[in-house]
Structure formats: structure tokens, C-alpha cells
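A, B, ... follow the sequence lines: proteins, then strands. Residue 1 opens every chain. All figures in this text were calculated on a predicted structure; none of them were measured in a lab.
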2 protein chains.
Amino acid sequence: MTTGMEDHIVAAAPAAGADAAEANPLLARIRASLPELRKSERAVGEFVLAKPNEVLNISIAELAYRVGVSQPTVARFVGAVGFPGFKDFKLRLAQSLASGVPYVHGDVGPDDSLEEVAPKVFNRSIAALMNVRNQLDPARLGRAVEVITRAGRMEFYGVGNSGIVASDAQHKFFRFGIPAVAYSDPHTQGMAATLLEPGDVVVAISASGRTPELIRACELARDAGAEVIAITATASPLARVSTVLLAADVHEDPDVYAPMTSRIVHLALIDVLSVSVALASGPELIKRLERTKQTLRDKRIRGFEE
Amino acid sequence: MTTGMEDHIVAAAPAAGADAAEANPLLARIRASLPELRKSERAVGEFVLAKPNEVLNISIAELAYRVGVSQPTVARFVGAVGFPGFKDFKLRLAQSLASGVPYVHGDVGPDDSLEEVAPKVFNRSIAALMNVRNQLDPARLGRAVEVITRAGRMEFYGVGNSGIVASDAQHKFFRFGIPAVAYSDPHTQGMAATLLEPGDVVVAISASGRTPELIRACELARDAGAEVIAITATASPLARVSTVLLAADVHEDPDVYAPMTSRIVHLALIDVLSVSVALASGPELIKRLERTKQTLRDKRIRGFEE
DNA sequence: GGAGAAATGTAATTTTCTTTCAAAAACACC
DNA sequence: GGTGTTTTTGAAAGAAAATTACATTTCTCC
């Protein structure tokens with residue numbers, strides 16, 4: 001197959017023997033998890049990184065043969081990088097390769113001028129949003145909405161910088177009349193989680209999905225019978241302890257110049273969630289909100305949305 | 001910088017009823033061959049056109065069931081539009097949908113399905129980012145960076161939801177070793193502003209730029225000799241009291257379904273600012289940051305960036 | 001209304017993927 | 001250096017999905 005995409009990808013790989021993984025979040029993820037994989041699984045990963053486009057067109061048996069391992073090994077590799085099965089993996093890979101285009105602009109480097117930096121930073125965020133948009137699973141979103149509309153109360157957990165996103169989410173859902181709180185302190189999260197009841201919903205936000213305390217808190221929440229919606233990276237431990245996963249795979253560069261696209265993506269997902277819940281809740285919610293807004297306007301109480 | 005992405009958004013937003021096929025070559029092909037298909041095959045085609053994203057995640061059996069036809073009919077449809085098999089079809093469809101073209105446009109409305117909402121919300125944010133990116137004045141950004149690099153201390157003011165952005169900014173700049181604080185309470189902001197000294201920098205964040213207390217605080221800051229960088233709408237009162245304006249004009253819909261794009265845009269601007277400052281501060285900052293990071297990694301202290 | 005052709009569905013086949021379990025390799029501990 | 005244990009890997013059975021072959025229905029036109 002030749003789609004012409006390869007060119008983009010290659011063009012996007014700037015200096016330093018960098019390859020497609022630089023530009024593509026999924027490939028970057030595979031590369032990142034490479035060291036943690038077993039030897040033969042790693043061989044599979046390396047093959048995928050080397051020839052991602054070929055992988056699209058071959059079966060698991062063919063891939064296993066080409067790499068020189070068994071089919072279950074390929075299957076395990078797929079599981080290790082966070083996909084439920086080989087089919088899903090191929091589908092996501094196809095999407096990811098196709099959507100890699102916006103990355104052509106490259107990363108910010110030490111020699112960039114100010115005029116160059118701003119568009120690059122914006123473009124990274126834009127590209128990240130496009131990626132997550134394309135990979136968002138409507139079914140999962142639907143489940144999340146369902147769970148929230150039935151929720152007795154909502155709690156938003158985010159540690160460190162993600163705490164900010166949690167606060168934002170709390171603001172939004174609180175306006176809907178859903179009792180909502182946000183905790184950014186791990187200990188408080190843990191304590192709050194034990195007090196949850198069945199039907200309550202926790203939304204856990206984390207870029208890496210590897211904060212032990214947050215994961216623990218989510219486990220506690222689940223033990224208490226609450227639903228746990230995770231906004232995090234697909235293959236992360238946090239994703240595993242969640243009941244509904246909203247995937248936010250962002251190629252988060254460890255580089256200092258790297259903008260923090262993850263936060264923007266998380267906010268966008270919260271936006272999607274809140275708008276969806278608003279829609280699902282139907283006209284009565286809408287009316288109530290509109291009335292509140294009108295009241296605020298009438299009384300000239302400003303500064304609520306600034 | 002022109003990426004061509006804008007065209008997709010704008011050019012692709014035709015009449016309201018227009019659907020995916022407008023923007024997507026594969027879907028367009030399906031639509032074109034629709035009249036030549038047999039009745040039940042056409043039903044399959046229509047389903048695919050209506051919900052292309054769902055098709056990606058279901059099997060041929062499921063699709064057949066949903067359309068109300070048999071599996072071979074689906075297979076024949078796939079063959080009729082020119083694919084060797086269902087698997088190939090799904091793969092191509094996935095790629096085609098992912099290729100960056102936002103195929104759902106316009107605003108979110110009460111009648112939108114869940115599948116439509118998510119892309120729309122994302123697209124709004126993407127479009128907003130593009131707008132601000134294109135309108136950003138490099139000269140002003142340069143002045144902002146200059147002011148910040150010389151700053152003795154930084155204070156971030158944001159009221160209500162914008163307080164979240166202020167916190168985020170504070171996190172970022174604090175990591176650079178710049179004494180930074182964030183206040184989201186108007187009164188504290190006013191008090192803090194009077195205590196500033198010449199050379200200090202206030203960054204005021206507000207979507208509307210019409211929060212009286214925030215404006216007052218900025219005036220006080222200016223009286224104290226501090227620089228005031230405003231991230232807000234161009235013509236707003238806040239913009240007028242600022243010394244450096246970073247324009248963030250977002251069409252903030254008063255609609256209930258409207259996602260809050262302003263926050264995302266503000267965060268992106270903070271990102272631009274912090275990355276720019278990092279670049280301007282040169283290698284010694286970079287080195288310091290890298291050392292810090294390495295130390296954290298070495299000690300396996302995780303959870304700082306989550 | 002019935003013969004023939006077209007359209008569609010049923011069921012069997014084949015391919016592809018997943019799971020189970022056993023063998024082999026690596027490892028730790030004597 | 002050997003022995004028991006864990007980890008890693010593969011062989012083979014099982015399940016799921018897609019394709020093919022064939023039968024049935026539906027339509028058309030005489």
C-alpha cells in the first residue's frame with residue numbers, strides 16, 4: 001500500500017536519527033514501553049516501529065512469522081501496549097498513521113526564534129487534539145455519560161498539574177446541579193474514595209496514569225462500588241483500574257521546550273463530557289441553566305465566567 | 001505559518017445538513033456509488049455514511065444486524081464499492097476518517113447524537129486555537145517574554161474559572177525558578193497588587209476582560225510600577241489597563257452546549273509564554289531543569305507531572 | 001400465473017484471532 | 001554446579017469473524 005502518508009511522517013522526523021515514533025503518539029507509546037517488554041515481545045515492537053505501514057496489511061500469523069515469534073507472543077505484545085486485541089491494534093495503528101500529518105511542523109528547538117515558537121506550540125496542541133478526537137471511542141463516551149447522569153455525586157481526582165483540570169471539571173458539573181467536588185491532594189482523595197457509595201462517580205485525571213496514590217484511591221472508590229472514569233493514557237495502570245476509560249494519549253515530550261499538551265487535551269475531554277451530559281440530560285437541565293444565567297445577568301452579577 | 005488546516009475547518013463547513021461525505025474521499029465514493037447498488041446493499045451504504053465511526057468498532061455480523069440485512073449482503077456491498085474484503089474496508093475507512101479532516105462541523109445542538117458531539121467539541125477548540133495562533137502578535141509576545149525574564153516575581157490573577165489557568169501558569173513558571181504565585185480571589189489580588197514593586201510582573205487572565213475587581217487589581221499593580229500582561233479579549237477594559245496584551249479572542253457562545261474553548265486557548269497561550277521564556281533564558285535554565293528532572297527520576301519520585 | 005433472472009439469506013467453510021496449557025529458558029537458592 | 005521456582009515462550013485447541021457456496025425468495029416480463 002502506498003498512501004503518501006509515509007512521506008509526511010518521514011518529513012516530520014527532523015534531525016537526530018528520529019523516526020516515525022517522534023511524530024506519532026501511538027508509535028511513541030510503543031517505543032516508550034519497549035524496555036518493559038519481554039525479549040520476543042520487544043522484537044515485535046521493533047518490527048512495528050520499523051515498518052508500521054506493512055503491519056496494517058498482514059495478519060497476526062504473518063507478523064509472527066516475519067518477526068520469528070509465535071502468534072501468542074504478538075498477541076501479548078498487543079496487550080502489553082494497551083489494546084484489547086490485534087484487530088483493535090491494527091485499526092488504531094491505521095488511524096494513528098493517517099492522522100500523523102499535522103505533526104509535520106516539528107518540535108520546538110533551542111534555535112527557534114520567537115516567531116516560530118508560538119505557531120509550533122499551538123500546532124502541537126492542535127495536533128494532539130486531532131489525535132485524541134480521532135481515537136475517541138463513542139461507546140465509551142456513551143457509557144461515561146450514562147454513568148454520570150445516574151450519579152448521586154461526582155468527585156474529580158487529579159494530582160499535581162492535573163488537579164487543575166479536576167477543578168475545572170468540578171466547576172462545570174457543579175453548574176449542572178450535580179454535587180461535585182475536586183480533590184488534588186492524594187491523601188484526601190483516598191479518604192474521600194472510601195466514603196463513596198454505589199452509583200457515585202469518580203473521574204480520575206492523569207497524563208501518565210502512573211501516580212500510585214491516585215491509582216490506590218481509584219481502587220478504593222471501586223471497592224466502595226463507585227464507577228471510575230479515567231482520563232489518561234491507554235495502557236497505564238490507572239486505565240486498568242478504571243471502569244470507563246476515556247483515552248488521552250498525548251505524546252508528552254520529556255523535553256524542556258515541550259508544551260504541556262496533555263492538560264489541554266484533558267480539558268477538551270472534560271468539555272466533551274460536560275456537553276454530552278448536558279445533551280443527555282435533556283431540556284429540563286437546559287432550562288434550569290438558562291434561568292440561572294438570566295438571573296445572574298439581570299442582577300448584573302458578573303465575574304462568574306471570566 | 002500556514003498549515004492548510006484552517007481550510008479544512010472553514011471550507012468544510014458548508015450547509016448545515018451536509019455530512020461526512022463532503023469532506024471525505026472514501027465516504028464520497030460510497031455516496032457516489034449508492035444509486036448503483038441494490039436495495040439492501042444501499043441500506044448498508046447509508047448506514048456507513050450515517051455512522052462511519054461506529055462501523056469501525058463493530059463486526060460484519062453486528063453491522064448486518066444493525067442494518068437489518070445478512071452478512072453476505074454487507075460483504076457484497078464492500079465488494080461493490082471496491083474493496084477486496086470487509087477487513088480492508090474497515091482499515092481504509094479508519095484511515096480515511098482519521099486523516100485529519102474534521103468531518104463534522106458546526107455547533108453542537110440539542111439533537112446531536114453522542115458520536116457527533118465529541119468531534120464538534122474538539123473541532124471548536126481546534127478552530128479557536130487556530131484563530132488565536134494566527135492573530136498572535138510576535139512583537140507583543142517578545143515584549144512579554146522580555147518583561148518576564150527581567151521579573152523579580154510573577155503573580156497570576158484569574159477569577160473564577162480563569163483561576164485554574166492562573167494556577168497552571170504558576171506551576172509552570174515556578175518550575176523555572178521564578179518566584180510565582182497565583183491568586184484566584186479578587187480581594188487577595190487587590191491586596192497583593194499593592195505590594196508589588198517595579199519590575200514585578202502580573203499576568204491577568206480573563207475571557208471577557210470585564211471583571212471589575214480584576215481590572216482594579218491590575219490598575220493597582222500598574223500604580224505600583226509592575227508590568228501587567230493581559231491574556232484576554234482585544235477590546236476589553238482589562239486589555240486597556242494592561243501594559244502588554246496577548247490577544248485571546250474567542251467566540252464564547254452563551255449557549256449551554258457551548259464548550260469552554262477560552263480556557264483551552266488561555267492554557268495554550270501560557271504554554272507559548274513559558275516555552276518562549278525557557279528558550280529566551282538560554283541554556284543555563286535548561287540545564288538546571290534537566291538536572292532537577294534527572295534527580296527526580298533517579299530517586300524514583302513519581303507523580304510530579306501527573 | 002409461471003419461467004427465468006436478480007436479489008437476498010442460510011449454512012458451511014475457511015481464515016484469523018484468542019486462549020489454554022505445556023515446554024523451555026532464565027533465575028535464585030542452596 | 002545442581003535443583004527447584006519463576007518467567008518466558010510456543011504448540012495446539014478453541015472461538016470468533018469473514019468468506020464462499022448454495023438455496024430460497026422476490027421481482028420482472030411474457
Starting the side chain at C-beta, find the nucleotide from C:dT19, C:dT10, C:dT8 nearest to B:Ser40. C:dT8

Could you state the atom-to-atom distance from CD of A:Gln71 to P of C:dT20 in whole Å? 16 Å

Report the relative orientation of the aromatic rings in A:Phe83 and A:Phe89; use parallel for angles under 30°, tilted for 30 to 60°, perpendicular for over 60°. perpendicular

Find the distance A:Glu62:CD to C:dT15:C1' and express it as a whole number of Å. 14 Å

Whole-Å distance between C:dC17 C1' and A:Leu63 CG? 13 Å

Kindly say if B:Thr73 contacts the phosphate of C:dG9, meaning a side-chain N or O under 4.0 Å from OP1 or OP2. yes

For A:Ser242, which residues count as a side chain to side chain contact (heavy atoms under 4.5 Å, CB included) partner, sequence neighbours excluded? A:Val228, A:Ala230, A:Leu245

Tell me: OH of B:Tyr65 to P of C:dT10, nearest whole Å? 14 Å

Examine distances only and state if a side-chain atom of B:Thr73 and a backbone atom of B:Val69 form a donor-acceptor pair shorter than 3.5 Å. no

Tell me which of B:Lys39 and B:Ala75 sits closer to the 5' end of DNA chain D, going by the nucleotide each one is nearest to. B:Ala75

With side chains defined as the heavy atoms from C-beta onward, is the minimum distance between A:Ile231 and A:Val165 less than 4.5 Å? no

From the 5' end of DNA chain D to its 3' end, which nucleotides mark the outer limits of contact with chain A, defined by a 4.0 Å heavy-atom distance cut-off (strictly under)? D:dT8 to D:dA17

Closer than 3.5 angstrom, by distance alone: can the side chain of A:Ser236 be matched with the main-chain N or O of A:Thr232 as a donor-acceptor pair? no

Rounded to whole Å, the CG-P distance (B:Leu37 to C:dA6) equals 17 Å

Between B:Lys87 and B:Arg76, whichever has its closest DNA chain C nucleotide further toward 5' is B:Arg76

Return the value, rounded to whole Å, for the distance between atom CD1 of A:Ile58 and atom C1' of C:dC17. 14 Å

Under 3.5 Å, is there a donor-acceptor pair between the side chain of A:Arg133 and the main chain of B:Phe122? no

Between CD1 of B:Ile60 and C1' of C:dT8 the distance, given in whole Å, is 14 Å

Tell me the interatomic distance from B:Glu36, atom CD, to C:dA7, atom P, rounded to whole angstroms. 13 Å

Flag, side chain of B:Lys90 to backbone of B:Ile58, donor-acceptor distance under 3.5 Å: yes

